[in-house]
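Data first, discussion second: the structure below is written as structure tokens.
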4 protein chains.
Amino acid sequence: MNYNKVVLVGRLTRDPEVRQTLNGTLVATFTLAVSRPNRSGFEGNDNTDFIRIVTFSKLAEFVQSYLTKGRLILVEGKLRINRWQGNDGQYRTTPEIWADQVVFMDKKNAAVEDTEMVEYDELFEDTENDEPPF
Amino acid sequence: MNYNKVVLVGRLTRDPEVRQTLNGTLVATFTLAVSRPNRSGFEGNDNTDFIRIVTFSKLAEFVQSYLTKGRLILVEGKLRINRWQGNDGQYRTTPEIWADQVVFMDKKNAAVEDTEMVEYDELFEDTENDEPPF
Amino acid sequence: MNYNKVVLVGRLTRDPEVRQTLNGTLVATFTLAVSRPNRSGFEGNDNTDFIRIVTFSKLAEFVQSYLTKGRLILVEGKLRINRWQGNDGQYRTTPEIWADQVVFMDKKNAAVEDTEMVEYDELFEDTENDEPPF
Amino acid sequence: MNYNKVVLVGRLTRDPEVRQTLNGTLVATFTLAVSRPNRSGFEGNDNTDFIRIVTFSKLAEFVQSYLTKGRLILVEGKLRINRWQGNDGQYRTTPEIWADQVVFMDKKNAAVEDTEMVEYDELFEDTENDEPPF
DNA sequence: TTTT
DNA sequence: TTTT
């Protein structure tokens, strides 16, 4: 009965960092600068949220291959709040987005999801006629 | 550079209809009644959008097994505008949502995505310590 | 208990059309071409949804002033399914998005919502100190 | 060219806290427990994100009047990452959602936005006929 | 610590 | 009828 969805558009503050988990899964992370619209409805750069994005597996490969500092992208994913205890015994809380989709917004033609793409169109090759769909 | 996302919460007007494509893919469809909030910000049932939802494969199985008339659900997917020609030669346009996620909102505990779930938590079993995540 | 949200990124197929309702409200409409990602996860132009967008009042003014054919924008709004009876007595159904936010994706610096922007930052000018926010 | 949108469904961990800013704006805050779906696609309560929600003005009044511990709600808003310096000189980062819409998911009929509701339907009273909308 |  |  719960749901968690985030959609962000912003720019990478740096090139992504790539590492691997113990079991070999590729993990690519980066920070997205998402500026807030100001009073006039137009954006300023005075107020910006810097949001950590985490990607895995195929999507991490895509990130590693195509994303670089300064690129404008759309990220879709889930907000996760990590809670951990510092050396001083205090609990801290750090947010990150576990992305499941990345779309370029600034150059040509690319979007990738963290899933196998289903070939929907192929399913219906036989229905190219004049019948209403329902 | 394009993106298409829809999130709806509403009730099934009937039990889903299930069929199969020529190549054997399961397809389950149903109509979601999504009422519009009225002037006071509270909902009436006088104004309602009836939106056709289409699901495939595993998600269609889930829909077939669990969804029934009247249930309250959240649907996430893509808006598709089908365009087809009627017997009178006129073009018509019918909208539908190709769902990739369904979440129950009215009973206990269920959500299903049209993808294999990645075992994110398992990836990090080794990192349960006091280090900050970044 | 219902909810209806759409987020689209695509290009205007033409310049917006502007008109007024009987009571003087400005209405600007246009069609957004939203192409579907193809099998490789990269976009093609073979498959595109053409989606009618409707804006009112201030947002319509913004659309009239800034949007032109070919521009890449993000639109947020609600999906509405209009149902009407044709001359032949048949019922038809046409979808449209009633937008409440438009963001440029292709040039510099603009986003507008169909509401007065609240000056959140001003509310907290007094809290610029070292205290945690909660 | 930036965008920031979050949609969450979860339960209040406590009754909201209400306060006022120096200039008199009402602020209501609460924590939303959003559980993550587990491997089978069904939810467990072992893994939950606890997400701080902030509301202002009219929406804060609504929250104060209607929301109580345990209620299931949908929240729409923006993700903000606050950065502040602790007594130890260390920088911390705390996430919160600045909500602009709240919808009940567990009882009857309510949704409120942080804006004046526009009377769209009234605008078109004169168009209740058999004409296609475009 | 940050992007345009 | 359609955008890049």
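A quick note: this is a predicted structure, and the numbers were derived from the prediction, not measured. Every chain is numbered from 1, with letters handed out A, B, ... down the list of sequences.
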*Looking only at side-chain N and O atoms, does D:Arg83 come under 4.0 Å of OP1 or OP2 in E:dT1?*
yes

*For C:Asp106 and F:dT3, what is the distance between atoms CG and C1' respectively, to the nearest whole Å?*
11 Å

*Expressed in angstrom and rounded to an integer, what is the separation of A:Leu8 atom CG from E:dT3 atom C1'?*
14 Å

*Gap between atoms CG and P, on C:Asp49 and F:dT3 respectively (whole Å)*: 15 Å

*side-chain hydrogen bond (donor to acceptor under 3.5 Å, both in side chains) partners for B:Asn4, two or more places apart*: none

_Mind checking if C:Gly70 touches a base, just sugar-phosphate, or nothing, with heavy atoms under 4.0 Å?_
sugar-phosphate

*Just how far, in rounded Å, is P of F:dT2 from CG of C:Leu67?*
21 Å

*From F:dT2, E:dT3, E:dT1, pick the nucleotide closest to the side chain of A:Thr13?*
E:dT3

*State whether the distance check finds a donor on one side and an acceptor on the other, under 3.5 Å, for side chain C:Thr48 versus base F:dT3.*
yes

*Can you find a donor-acceptor pair, distance only, under 3.5 Å between A:Arg14 side chain and E:dT1 base?*
yes

*Rounded to the nearest angstrom, tell me the gap between atom CZ in A:Phe50 and atom P in E:dT3.*
7 Å

*asked:* Quick one, C:Gln101 with D:Tyr3, criterion side-chain hydrogen bond (donor to acceptor under 3.5 Å, both in side chains). Give me CA distance, side-chain angles, the key distance, then yes/no.
replied: CA-CA 10 Å; C:Gln101 195 177 160; D:Tyr3 182 71; 5.2 Å; no

_Check ion pair C:Asp106-C:Arg71 (N to O, under 4.0 angstrom)_ = yes

*Just how far, in rounded Å, is P of E:dT3 from CG of A:Leu32?*
13 Å

*asked:* Expressed as a whole number of angstroms, how long is the span from A:Ile53:CD1 to E:dT2:C1'?
replied: 14 Å

*Starting at CG of C:Leu72 and ending at P of E:dT4, how long is that distance when rounded to a whole Å?*
19 Å

*Excluding sequence neighbours, so at least two apart, what forms salt bridge (Lys or Arg N to Asp or Glu O under 4.0 Å) with A:Arg92?*
A:Asp88

